[in-house]
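Reading through the structure tokens given below for one structure.
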Amino acid sequence: MSTAGASADPLAALGALPGVADSVESVRKAVDRVYGHRVMRRRSNAITSEAALRGARGSAALSGADWALEEVRRRTDFSGDDEARTVGAALRLTAEAGQLLSIWRQSPLRVLARLHLVAAADKADQVGRPRKEGEPVDEPLVALPLPSATETHGRLDGLSGLIIAGGSAPALVTAAVVHGELLALRPFTSHNGLIARTAERIVLIGSGLDPKSVCAAEVGHAELGRDAYLEALEGYVSGTPEGVAAWIAHCGRAVELGARESMAVCEALQRGAA
């Protein structure tokens with residue numbers, strides 16, 4: 001967010017970065033195509049449910065549990081091993097996201113704490129609060145330098161203030177910044193990637209861009225691949241205009257791919273194949 005300088009609305013300022021407006025417009029068109037499909041007028045709940053399942057699968061894949069969709073659909077017990085627990089956490093977070101929209105606008109930090117409780121599914125002392133100095137972070141797939149707890153708390157407060165204040169930034173920009181900041185900071189001792197992607201989903205729903213939550217960005221992030229995801233994140237963390245714009249564009253492409261997935265589900269339902 002440092003690229004925004006002293007702007008009164010730093011998130012909106014990011015929308016002026018080269019190429020970002022094109023990403024915003026492309027995402028809007030992709031989302032509109034899904035919402036314009038005739039199946040959405042009759043069976044939007046089915047599309048929402050399927051997008052939630054596929055989104056959870058994609059998010060879990062990025063956190064190291066790359067299961068086939070049918071395995072996620074079939075399984076009922078997610079307590080067996082680390083991968084199963086990761087998939088279970090992703091499913092719980094996806095189910096929780098839609099319940100937290102009104103709280104998010106008033107207290108983003110409260111929502112993030114709740115998401116950590118849901119993901120961790122235990123009552124250990126470090127669950128449901130930002131990490132303290134010296135506490136280890138279990139996020140092996142993100143190898144970027146870990147900010148101190150003091151810096152993390154300060155940046156979380158700043159991010160929370162921007163969300164509560166609102167502004168004119170496009171939903172894609174806000175969602176990408178929330179996602180990027182949480183991955184960069186890794187504010188909790190575990191499950192930060194899952195939480196960051198869930199927070200992105202919450203912004204996209206709450207902003208009105210994807211109110212029925214049918215364009216799961218997690219699907220797109222997984223399809224684009226972990227290497228591209230981490231490379232784009234490094235650009236965001238660099239703070240350069242080019243790096244931040246590339247991260248926003250990457251998130252935009254992920255939303256477009258999520259929209260494409262739901263279009264395919266709509267077409268299958270229309271044909272009576274699902």
Side-chain angles (χ1 to χ4, degrees), residues 11 23-24 27-28 30-31 34-35 40 44-45 47-63 65 69 72 86-105 107-119 159-160 163 169-183 187-188 191-224 229 232-233 236 247-248 250-263 265:
L11 291 178
S23 293
V24 169
V27 165
R28 168 56 68 186
V31 173
V34 178
Y35 279 82
M40 282 293 294
S44 64
N45 288 343
I47 307 303
T48 296
S49 296
E50 189 64 19
L53 183 71
R54 295 180 185 219
R57 192 219 72 83
S59 191
L62 286 169
S63 287
L69 179 62
V72 178
T86 296
V87 175
L91 289 166
R92 291 192 299 274
L93 287 171
T94 300
E96 189 79 5
Q99 311 302 315
L100 300 172
L101 296 176
S102 61
I103 304 172
W104 175 262
R105 299 184 188 101
S107 181
L109 299 185
R110 182 179 163 196
V111 168
L112 294 174
R114 172 62 184 168
L115 292 177
H116 192 229
L117 279 168
V118 169
L159 182 64
S160 175
I163 293 166
L172 171 63
V173 172
T174 303
V177 168
V178 167
H179 185 169
E181 279 292 288
L182 293 176
L183 274 180
F188 301 104
H191 300 94
N192 290 288
L194 295 176
I195 291 168
R197 292 183 288 275
T198 304
E200 179 183 47
R201 174 185 284 265
I202 288 172
V203 174
L204 294 172
I205 300 170
S207 67
L209 176 65
D210 182 20
K212 295 183 183 294
S213 192
V214 295
C215 302
E218 305 96 319
V219 169
H221 286 304
E223 185 171 337
L224 290 168
Y229 184 67
L233 176 63
Y236 176 83
W247 169 251
I248 294 171
H250 184 87
C251 291
R253 182 60 179 148
V255 176
E256 291 180 56
L257 290 171
R260 186 180 72 178
E261 184 92 349
S262 284
M263 279 290 289
V265 174

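Positions are given from 1 along the sequence.
Contact of the Leu159 side chain with the Val177 side chain is registered, since non-hydrogen atoms from C-beta on lie closer than 4.5 Å. In this structure, Glu200 and Val178 have side chains that are not in contact, with every pair of non-hydrogen atoms separated by 4.5 Å or more. For the pair Val203 and Trp104, the minimum side-chain heavy-atom distance is below 4.5 Å. Put simply, the side chain of Asp210 does not reach to within 4.5 Å of the side chain of Val255, judged on heavy atoms. With a 4.5 Å cut-off on side-chain heavy atoms, Leu93 and His191 do not count as touching. Residues Leu112 and Leu182 are in side-chain contact: their nearest non-hydrogen atoms beyond the backbone lie under 4.5 Å apart. Using a 4.5 Å heavy-atom cutoff, the side chains of His221 and Cys251 are in contact. Using a 4.5 Å heavy-atom threshold, the side chains of Cys215 and Val34 count as touching.
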Please determine whether side chain to side chain contact (heavy atoms under 4.5 Å, CB included) holds for the pair Leu91 and Leu53, giving the CA-CA distance in whole Å, both sets of side-chain angles, and the decisive distance to 0.1 Å.
CA-CA 7 Å; Leu91 289 166; Leu53 183 71; 4.0 Å; yes
Would Arg57 and Val87 count as a side chain to side chain contact (heavy atoms under 4.5 Å, CB included) if you check the C-alpha gap in whole Å, the side-chain angles of each, and the deciding distance to 0.1 Å?
CA-CA 7 Å; Arg57 192 219 72 83; Val87 175; over 6 Å; no
Going through the checks in order, is the side chain to side chain donor-acceptor pair (under 3.5 Å) test met by Arg201 and Thr94?
CA-CA 8 Å; Arg201 174 185 284 265; Thr94 300; 4.7 Å; no
Step-by-step side chain to side chain contact (heavy atoms under 4.5 Å, CB included) determination, Thr174 to Ser207:
CA-CA 9 Å; Thr174 303; Ser207 67; over 6 Å; no
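How far CG of Leu172 is from OG of Ser23: 6.5 Å, rounded to the nearest 0.5 Å. A distance of 16.0 Å separates CG of Leu109 from CZ of Arg114, quoted to the nearest 0.5 Å. The distance from atom CE of Met263 to atom CD1 of Ile47, rounded to the nearest 0.5 Å, is 10.0 Å. Atoms CZ and CG, from Arg92 and Leu117 in turn, are 11.0 Å apart once rounded to the nearest 0.5 Å. The distance from atom CG of Leu62 to atom CG of Leu194, rounded to the nearest 0.5 Å, is 9.0 Å.
Smallest separation of non-hydrogen atoms from Thr86 and Ser63: CG2-CB, 3.9 Å. For Pro108 against Ile163, the heavy-atom pair with the smallest separation is CG-CG2, 3.7 Å. Minimum heavy-atom separation, Ala51 to Ala216: O-CB, 3.7 Å. Nearest heavy atom pair, residue Tyr35 against residue Lys212, reads OH-N, 2.9 Å. Closest heavy-atom contact between Glu218 and Gly55: CB-O, 3.1 Å. The two residues Ala196 and Leu183 make their nearest non-hydrogen contact at CB-CG, 3.9 Å.
Relative ring orientation between Trp247 and His179 is described as perpendicular, the plane-to-plane angle rising above 60° on a 0-90° scale split at 30° and 60°.
With sequence neighbours left out, the side chain to side chain donor-acceptor pair (under 3.5 Å) criterion links Glu256 to Ser26. Under the side chain to side chain donor-acceptor pair (under 3.5 Å) criterion, Arg110 pairs with no residue, sequence neighbours left out.
Salt-bridge formation is detected for the pair Arg54/Glu50: a Lys NZ or Arg NE/NH1/NH2 atom is positioned less than 4.0 Å from an Asp or Glu carboxylate oxygen.
Under the 3.5 Å distance criterion, the side-chain polar atoms of Ser49 are matched with a main-chain donor or acceptor of Asn45.
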